[in-house]
2 protein chains.
Amino acid sequence: MSTIKDVAKYTGLSIATISKYINGGNVLEQNRELIKNAIEKLEYKRNDMARGLKTNKTMTIGILIPSLENIFFTTIVSIIEDILQDSGYGTIICDFKENVDLEQKKLEFLVSKNVDGIIMVSYGGDLEYIKSLSGKEIPVILLDRMIKGVDLDVVVADNLNASYQAVEELIIKKHKRIGIICGPKNTYTADERRKGYIRVHQDYNLDIDEKLMFNGRYTVESGYNGLEALKKMENPPTALLVTNYEMTIGAIMAINDLNIVVPSELSIIGFDNIQMAKVVRPPLSIVEQPMKEIGETAAKLLLKRLKGDYASFPAVHRLKTKVHIKESVQKLVN
Amino acid sequence: MSTIKDVAKYTGLSIATISKYINGGNVLEQNRELIKNAIEKLEYKRNDMARGLKTNKTMTIGILIPSLENIFFTTIVSIIEDILQDSGYGTIICDFKENVDLEQKKLEFLVSKNVDGIIMVSYGGDLEYIKSLSGKEIPVILLDRMIKGVDLDVVVADNLNASYQAVEELIIKKHKRIGIICGPKNTYTADERRKGYIRVHQDYNLDIDEKLMFNGRYTVESGYNGLEALKKMENPPTALLVTNYEMTIGAIMAINDLNIVVPSELSIIGFDNIQMAKVVRPPLSIVEQPMKEIGETAAKLLLKRLKGDYASFPAVHRLKTKVHIKESVQKLVN
DNA sequence: CCTCCAGCGCGAAACGTTTAGCTCTATAAT
DNA sequence: ATTATAGAGCTAAACGTTTCGCGCTGGAGG
């Protein structure tokens, strides 16, 4: 492997000039050409480790997500990775298996690896620690969930209006008793989605029956339980919104097991995974989050911060979702 | 951030001795203690970049998979990552979006990042290039697919016996005309799965009707087309094996669209994703690959190679699969 | 008592960059 | 003609490690 020294020797120029060239400094046109050829000829490749030693930059970005088995996150990661790679950054991806203790540990791992920036989805690990990072001038971007009281850039879906619009579709179709299977209390996304549900009821002057609001844990099992509970109640809902992918799966499993006919016995709108929506019968209506946009926005924002551009910090990007209505939703006649 | 120098100054020992301690060399017990305390006190952290500059090790492993949106691969990656992290390695994960050109590019990216080792799933990129890596004494482990004529460690599922056993289940249930939706010709996994199909037919003295063997492209769409084609033929199969996750999805979509009743009109066994198997109606029989085992085996093997232990190189690990029969398969009466 | 040797520690060079500060030259401004 | 200025290149130090080769010490073997 040839080094900057070899290029210097080959061209007759000094090491400093080569370095200047590499980093885009001012070099005479004729020397530019000379260096360019030499680099090609000698197959010179910059040594990121030597460079990192001087600059304290590793050219790697840490990405931390709750689970690598959750396609919502991995899709976003895939997009982020591509964009960062075009700027020469490698990405170290960690998941914490939905475990808050592990979240902390993995975050520390990333920091110990000297990443230049972090994009993360937090389930509420050590907020103090996360805050302390923002002091270390290593840019951190929060994905999917905001954290109260932490001044960091954030990219989220418009969760409130997502559930607002989904429920609105059901209301327009004359449903009066609409159930919702939500995430845990005090979880950002869940709280927002709950707010949307409540607000649309208010806007349409519909009463809210607290019993129709089931709080799950964003797991398959809790989705299953939620559907069971709602179906067993005295005056069960005629329509239902399930607010994440895993719980949607659980709910559908319960629907199958209980032999509930969709949509005549229950209209249902799920969340997130378009592909699955096509596999189940009848085709499932879903709320689609703008994964591509989320990934792009986060990656570009991070790149901007890495360049030292802290304009409008902390920025909050709230991206629009889309509701796809399919045969799993029925219009009630009254 | 304190350096090895600070520790030396603090303890009154030389830099060399501290380095020795850090790397597990011989140091007097009393000095060990001294150094240990100093490190703690000064919060000394080894600088991997400086170290890397000397040793040419980055303590990062490259992982290359076809798609981050394929849960089969991401599950394996998640396991690998955990194990490597326990040994201090970070992992740079790249996907190539099922695109062979991109495979090559991403692989080069990983190499340019000076990873210490690579675990990859190849769709058949530049074999010469991959071979050249094995010359560079950077260990490479092939996952999921073997490549002919390349001497590298390999961890794969026992694809041949996977389809053998799945089809055997159908044969035992008296099916005589069994269809298979397979991957592309000249693809390792697909060829193996085809072989299993053929061998079990031979072992049970059943004729093979070439028309029952559909070659898809491991995509949702080709699974859909495959089912359509098989169903439209003159003497359609009574049972079907679909040999990857995406094509299984496609096949189920087609079954829904064509209103085919499972299992009375068609028995079906799918591949890979247990969760999905529970969501569709009736519950889907599937072939499960040992993802956990695959990940563990690959990670541990790589760790071994990184230590310079090249015992039994190149090693081939062929791991057993498991067939889960559910209501989607029916026993024929004759 | 001398010689060897192992164990432990040390000094210093090296890894491949970046960058501050300098010199030199050519041109513009006076 | 003189001076100021900007552009281009150079020298050398520094980043934080690892490691080679050496020296010292003390105990074992003769």
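Every chain is numbered from 1 and lettered A, B, ... according to where its sequence line falls, protein lines coming before strand lines.
- In this structure, the side-chain hydrogen bond (donor to acceptor under 3.5 Å, both in side chains) partners of B/K320, at least two apart in sequence or on a different chain, are B/D158.
- For B/Y218, the side-chain hydrogen bond (donor to acceptor under 3.5 Å, both in side chains) criterion is met by B/T189, B/R193, not counting sequence neighbours.
- For residues 2-51 of chain B, no residue pair satisfies the ring-ring contact (aromatic ring centres under 6.0 Å, His included) rule, not counting sequence neighbours.
- The distance from atom OH of A/Y21 to atom C1' of D/dG7 is 19 Å, rounded to the nearest whole Å.
- Atom CD in B/E29 sits about 14 Å away from atom C1' in C/dG7, given to the nearest Å.
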Summary of protein contacts for nucleotides 16-28 of chain D, nucleotide by nucleotide, where a base hit scores B, a sugar-phosphate-only hit scores S (4.0 Å, heavy atoms): BBBB---------
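- The separation between B/D48 atom CG and D/dC15 atom P is 18 Å, rounded to whole Å.
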Anything under 3.5 Å between a donor and an acceptor, one on a side chain of residues 58-68 of chain B, the other on a protein residue two or more places apart or in another chain? List them.
residue: B/T58; atom: OG1; partner: B/T60; partner atom: N; Å: 3.4
residue: B/T58; atom: OG1; partner: B/T60; partner atom: OG1; Å: 2.8
residue: B/T58; atom: OG1; partner: B/N114; partner atom: O; Å: 2.7
residue: B/T58; atom: OG1; partner: B/D116; partner atom: OD1; Å: 3.2
residue: B/S67; atom: OG; partner: B/E69; partner atom: N; Å: 2.9

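- One interatomic measurement links the two molecules: CG of A/L28 to P of C/dA26, which rounds to 12 Å at whole-angstrom precision.
- When every heavy atom of A/G88 is checked against every heavy atom of B/K113, the shortest pair comes out as O-NZ, 3.1 Å.
- Among residue pairs with one or both ends in residues 100-125 of chain A, those qualifying as ring-ring contact (aromatic ring centres under 6.0 Å, His included) are A/F96-A/Y123; sequence neighbours excluded.
- The side chain of B/L13 has C/dC10 as its nearest neighbour among C/dC10, C/dC8, D/dA8.
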